[in-house]
*Asks:* 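Take a look at this one; I'll ask things after.
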Amino acid sequence: MRVSRFLLATLKETPSDAEIISHKLMLRAGMIRKLAAGLYTWLPLGLRVLHKVENIVREEMDNAGAQEVLMPTVQPAELWQESGRWDKYGHELLRFEDRHAREFCLGPTHEEIITHLIRHDIRSYKQLPANFYQIQTKFRDEIRPRFGIMRSREFLMKDAYSFHLDQSSLQKTYDLMFETYSKIFKRLGLKFRAVLADTGNIGGNGSHEFHVLADSGEDAIAYSTTGDYAANVEMAQALAPNGERPQATAPMTVVETPNQHTIDEISQFLKVKPSQCVKTLLVKGKNGLVALVLRGDHTLNAIKTAKYPDISSPLTFADPEEIRELVGCEIGSIGPVNLNVPILVDHGAAHLADFICGANKEGQHLSGVNWGRDLPESQSVDLRNVETGDPSPDGNGVLGIARGIEVGHIFQLGKTYSQAMQALVLDEQGHSVILTMGCYGIGVSRIVAAAIEQNHDKSGIIWPQNIAPFTIALLPMNMHKSQRVREVAEDLYNTLQAMDIEVLFDDRKERPGVMFANAELIGIPHRLVIGERGLDKGEIEYKGRRDQSAQSVPMDNVVEFIKERLEMNAL
RNA sequence: CGGGGUGUGGCGCAGUCUGGUAGCGCAUUCGACUGGGGGUCGAAAGGCCGGAAGUUCAAAUCUUCUCACCCCGACCA
């Protein structure tokens, strides 16, 4: 591709609404342009990357025996009513009517559509298992789209759905998809990690997320530093402390704590560690309020907590008015002693003796409080977020915490949708069996942004070779002045093109600095510079995007040299 | 949806408080010089100041309404 014939829409300045590095660089490199909140146009440069990601995903899905289909973006309400999600999904589902006043929505996901298809077209166990996927535009009317393509309302997703006679068949396909995803992210050239995940509102049991590791990631991942365990912090289990609880040594005493509310304030005021305090949070339960008791230095995990049967899901804090009515004090003075609501105690808090807590009276706390003496002993549960250094739940080493961007998610759906929508097949005995399902998503457009978050420097993007928009930037110095430079450049361009190497040939009448800056900003992995200077010595200059400095390559060897370079970088 | 903020040539911004001829940098076009890290000089094109209503001799500027966008919170690939 000649730059003179290509929309290279690079910017020197960053548009003011870009927050994170990938968004800034995608705008500056001329990959995307915003149309409206959460809606983006892909420019030629960006689309080349998107297509590369898409093709790698497609190839690996095909290799895994999945079949590609393409379902509509616009979906009829009836199917969503049948699955029960028309009412459950909320405002993220964009709904509208057609001219006949029939209700439709823009598909945020396609379980209903594929289940509808399969219940008509798959009748026999002989057709199972089967796995169908599509690479298609999704629409989710996010409350707050942000970070450019990372969290947009319209985005490109690969979604796959598998159908099975039983759980063991699902497990096989699930494992195969796990492997396939690992292959995909390896080929994309990204550092990633598969983690145990929460199933969210899609429903079902087993689930893993695939995260691209990047400091800017929105998710926290807990992993064993010595073993295989890895889980989203949302999910990661916090073990009960080992050993016996220490003996009670102090009497329970009321202490005056005027205007001291937060754990920090209390612990400083009373000169104790936050870990010797207890915090009591009131949340809404199925029958009135429920108190959650955690150690002062621990943080509540809303996802895990909302799974306890008495707790409302999603987790919702009690209103200050409700608290005043029930306890008679403000939020900072609540404690579990003589609190007239059901109490859930975290393992950490249950292991404390002689602890500090609110006295349910403004300006007072209790010290020397002990379970079983000052308040009833209760079974402890897991309510908190794990922290760096916690023991790993698999008993293997301790946990570390890393940041990640969720780019893939696989679920064992089970019969949630097939049951609701009556997707049945006949088994070997001629009995009707409800299908068992799995679903497997990859955020194709998000991967583009995640790749940049993971691979960039001051000058711009550094594409992994397999998803780079072009493989080589061919930069002639002052070609308009030198016939010799022009000839060598044109010649090399044609040779590389003939080898099916994607070359971006900067044939503009630009100054060298502009060419260098542009090539680096858009992240082309390999650069060849042709100038009078080098030609005098019969040399062409090569520099990899990550290299510190350039090297000279004899002109006659340059094609061979490039071939080797590309193979070295390819997987 | 709650809280905070911004709308002025394509992009980044000043001007608004204190009403009086719409500005700067980048980008674009033309010319000259320059030619290995976003170069210099000169010339040009491009904006009814988000929209509507009002106050006023006069509104980018004041008032009211409205729309859009951004940031912080709960959702998710």
Side-chain angles (χ1 to χ4, degrees), chain A residues 8-20 23 27-28 30 33-39 53 57 89-93 108-110 135-160 181 197-202 207 209-212 218-219 232 234 302-303 306 313-317 404-411 439-450 458-460 475-482 485 508-521 527 529-534 541 543 550:
Chain A
L8 193 65
T10 55
L11 304 171
K12 266 196 206 174
E13 282 166 305
T14 310
S16 57
D17 52 9
E19 185 83 355
I20 58 168
H23 189 195
L27 288 168
R28 284 194 54 211
R33 288 290 181 260
K34 186 173 77 173
L35 178 64
L39 302 175
V53 174
V57 171
Y89 217 94
H91 291 293
E92 223 176 275
L93 186 65
T109 175
H110 281 69
I135 296 172
Q136 194 248 16
T137 298
K138 298 279 183 277
F139 191 92
R140 294 182 191 174
D141 202 356
E142 296 272 353
I143 300 170
R144 192 151 90 79
R146 66 186 129 166
F147 303 149
I149 225 72
M150 187 78 87
R151 181 184 297 283
S152 50
R153 292 195 292 176
E154 190 176 302
F155 59 97
L156 193 65
M157 178 168 165
K158 187 282 300 177
D159 46 329
Y181 274 37
D198 180 50
T199 47
N201 60 8
I202 295 189
S207 172
E209 288 169 353
F210 287 78
H211 287 260
V212 166
E218 284 191 274
D219 287 282
N232 195 311
E234 287 179 349
I303 305 279
S313 180
L315 193 80
T316 317
F317 283 100
I405 301 165
E406 186 188 350
V407 289
H409 203 158
I410 59 179
F411 294 90
C439 85
Y440 318 93
I442 289 185
V444 176
S445 42
R446 180 179 280 183
I447 283 173
V448 177
K458 290 122 279 161
S459 308
L475 310 183
M477 302 290 98
N478 302 309
M479 183 168 74
H480 62 284
K481 279 202 167 170
S482 164
V485 169
R508 296 174 299 177
K509 192 183 162 190
E510 283 290 356
R511 301 171 63 86
V514 174
M515 293 185 183
F516 294 146
N518 275 190
E520 279 160 15
L521 176 60
R527 181 181 89 184
V529 175
I530 298 168
E532 287 281 353
R533 220 192 259 174
E541 177 191 299
K543 181 172 176 293

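None of these values were measured; they are calculated from a predicted model.
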*Asks:* Below the 4.0 Å mark, does B/rU34 have OP1 or OP2 next to a side-chain nitrogen or oxygen of A/K481?
*Replies:* no
*Asks:* Looking only at side-chain N and O atoms, does A/R146 come under 4.0 Å of OP1 or OP2 in B/rG73?
*Replies:* yes
*Asks:* Considering only the P atoms, how many Å lie between B/rC62 and B/rC17, rounded to the nearest integer?
*Replies:* 5 Å
*Asks:* At 4.0 Å (heavy atoms only), tell me whether A/S459 reaches a base, stays on the sugar-phosphate, or touches nothing.
*Replies:* nothing
*Asks:* Centre of A/F516's six-membered ring, under 6.0 Å away, within 45 degrees of the axis: is that where NZ or CZ of A/R527 sits?
*Replies:* yes
*Asks:* Considering every strand shown, what is the Watson-Crick or G-U wobble mate of B/rG2 when both distances are under 3.5 Å?
*Replies:* B/rC72
*Asks:* Check whether any side-chain N or O of A/S16 sits under 4.0 Å from OP1 or OP2 of B/rC13, and answer yes or no.
*Replies:* yes
*Asks:* Distance between the C1' atoms of B/rU6 and B/rU16, in whole angstroms?
*Replies:* 14 Å
*Asks:* Report yes if at least one side-chain N or O of A/R511 is closer than 4.0 Å to OP1 or OP2 of B/rG38; otherwise report no.
*Replies:* no
*Asks:* Classify the nucleic acid contact of A/E209 as base, sugar-phosphate or nothing, counting any heavy atom under 4.0 Å across all strands shown.
*Replies:* nothing
*Asks:* Would you mind classifying the nucleic acid contact of A/G90 as base, sugar-phosphate or nothing, using non-hydrogen atoms under 4.0 angstrom?
*Replies:* nothing
*Asks:* Strictly below 4.0 Å, N to O, side chains only: are A/R151 and A/E142 in salt-bridge contact?
*Replies:* yes
*Asks:* Look at all strands and tell whether A/L156 reaches a base, only sugar-phosphate, or nothing, counting heavy atoms closer than 4.0 Å.
*Replies:* nothing
*Asks:* Using both distances under 3.5 Å as the test, list the Watson-Crick or G-U wobble partner of B/rG37, or none.
*Replies:* none
*Asks:* Hey, does A/T10 reach any base, or is it just sugar-phosphate, or nothing, if we go heavy atoms under 4.0 Å?
*Replies:* base
*Asks:* Is any NZ, NE, NH1 or NH2 atom of the basic residue among A/E541 and A/R533 found under 4.0 Å from an Asp or Glu carboxylate oxygen of the other?
*Replies:* no
*Asks:* Within the 4.0 Å heavy-atom criterion, would you say A/V444 contacts the bases, only the backbone, or no part of the nucleic acid?
*Replies:* nothing
*Asks:* So, OP1 or OP2 of B/rG39: does either fall under 4.0 Å of a side-chain N or O from A/K12?
*Replies:* yes
*Asks:* Does a side-chain N or O of A/R144 approach OP1 or OP2 of B/rC72 to a distance below 4.0 Å, or not?
*Replies:* yes
*Asks:* I'd like the C1' distance from B/rG36 over to B/rA32, given in whole Å.
*Replies:* 22 Å
